[in-house]
Amino acid sequence: MSQLNAYLLVSALLFSIGLAGALLRRNAILVLIGIELMLNAANLNFIAFWRYGPNPAALTGIMFTIFSITVAAAEAAVGLGIILAVYRHTKSTDISQMNTLKG
Amino acid sequence: MFLVFLILAALTILGTAAAMGLRKPIHCILALTVGLVGLAMLYLLLGAQFVGFTQILVYVGAVAILAVFAIMMTQGGKMNIEPHPEKPSSSTLLAGGAVAGAVFAVIAWAILSNSPSGTTTPAQPSVTVVEIGQALMHKYVLPLEIMALLLTAALIGAVILAMPKEQEKS
């Protein structure tokens, strides 16, 4: 197994952990953290492909990862702001209780 | 080199798995920081120093602290007296776990069935911060400006979202 495959497997495991957390946890903050973990798995893929790709001098993987980290940080800030606003409304961060629109 | 990779990969996976599996949210965030530091070390091992340190700065320094503050502001002392303790039903657990496991199985199958033909690993590329800065200022200057705009919008939006409404204040 080459080293690139090992990194890709770690990234796939990280993505699955984040997906399981986002699907199973009922705390809204931890669901957001699970989504962040999935973004991190994609970043690890970018860096691994940049390192073992044919043209590492092009810096494309690094640039994409830097911009992706920036977007993830902005997403975390807005997401936690939304969670705080919802908490002020419902006094809970349990997503199974956020069912006002449920038919 | 491969032993170092194995240790760091185990640290990352165990930390993030604990972050998604532990019961109390504050413990989850602490485990998450361990996992994210492991991930930053993996970036350093791959030769991407700038990205590794950015990862520590942004995720461990900002996102984890922000999540800790959000937990403090939303749950405070009544973490243990919730009427519905956080425990998903067994069918939910089974379905979610099956979906995540199936996704991992498909990705792992795709990775393992498509091994790269060339087994020679290229030499470690050396990228200095100067090169990254010059690329950001020349080739990627438009995305950089858009990122600045996005961060400003996110800053203002987060403040407006978290601000109490006027009638609630009185």
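No experiment lies behind these values; they were computed from the predicted model shown.
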CD1/A/Ile83 to CG/B/Leu161 distance, rounded to the nearest 0.5 angstrom? 11.0 Å

Select, from A/Ala22, A/Ala12, A/Ala48, A/Ala28, the one with the greatest count of heavy-atom pairs under 4.5 Å involving chain B. A/Ala12

Can you confirm whether A/Asn5 sits close enough to B/Asn114 that some side-chain heavy atom of one is under 4.5 Å from a side-chain heavy atom of the other? no

Quick one: are A/Ile17 and B/Phe104 in side-chain contact, heavy atoms under 4.5 Å? no

Give, for atom CG of B/Leu45 and atom CD1 of A/Ile47, the distance between the pair rounded to the nearest 0.5 Å. 12.0 Å

Kindly indicate whether the side chain of A/Leu59, heavy atoms from C-beta on, has any atom under 4.5 Å from the side chain of B/Lys139. no

Separation between CD1 (A/Ile29) and CZ (B/Phe69), nearest 0.5 Å, reads 13.0 Å

Working to the nearest 0.5 angstrom, can you tell me the gap between A/Leu84 CG and B/Met73 CE? 5.0 Å

Measure the spacing between OG1 of B/Thr54 and CD1 of A/Ile69 and express it to the nearest 0.5 Å. 6.0 Å

Would you mind reporting whether A/Tyr52 and B/Leu46 have side-chain heavy atoms less than 4.5 Å apart? yes

For chain A, which of B/Gly97, B/Ala19, B/Ala62, B/Pro143 has the most heavy-atom pairs under 4.5 Å? B/Pro143

B/Ala48 to A/Trp50 - nearest heavy-atom pair and separation: CB-CZ3, 4.1 Å

Measure B/Leu6 against the heavy atoms of chain A and call it side chain, backbone, both or neither at under 4.5 Å. neither

Under a 3.5 Å threshold, yes or no: a donor from one side chain and an acceptor from the other, between B/Gln55 and A/Asn40? yes

Cut-off 4.5 Å, heavy atoms of chain A, and the answer for B/Leu39 is side chain

How about B/Ile107 and A/Leu13: do any of their side-chain heavy atoms sit closer than 4.5 Å? no

What option among B/Val127, B/Val51, B/Val103 has the most heavy-atom pairs under 4.5 Å with chain A? B/Val51

Side chain proximity check, B/Leu42 to A/Tyr7, heavy atoms < 4.5 angstrom: yes

Is it the case that atom CZ in A/Phe64 sees more than 12 heavy atoms from other parts of the structure closer than 6.0 Å? no

Interatomic distance, A/Ile66 atom CD1 to B/Met147 atom CE [nearest 0.5 angstrom]: 11.0 Å

Are B/Cys28 and A/Arg25 packed together at the side-chain level, in the sense that at least one heavy-atom pair is separated by less than 4.5 angstrom? yes

Is there a side-chain contact between A/Met63 and B/Ile132, using heavy atoms and a 4.5 Å cut-off? yes

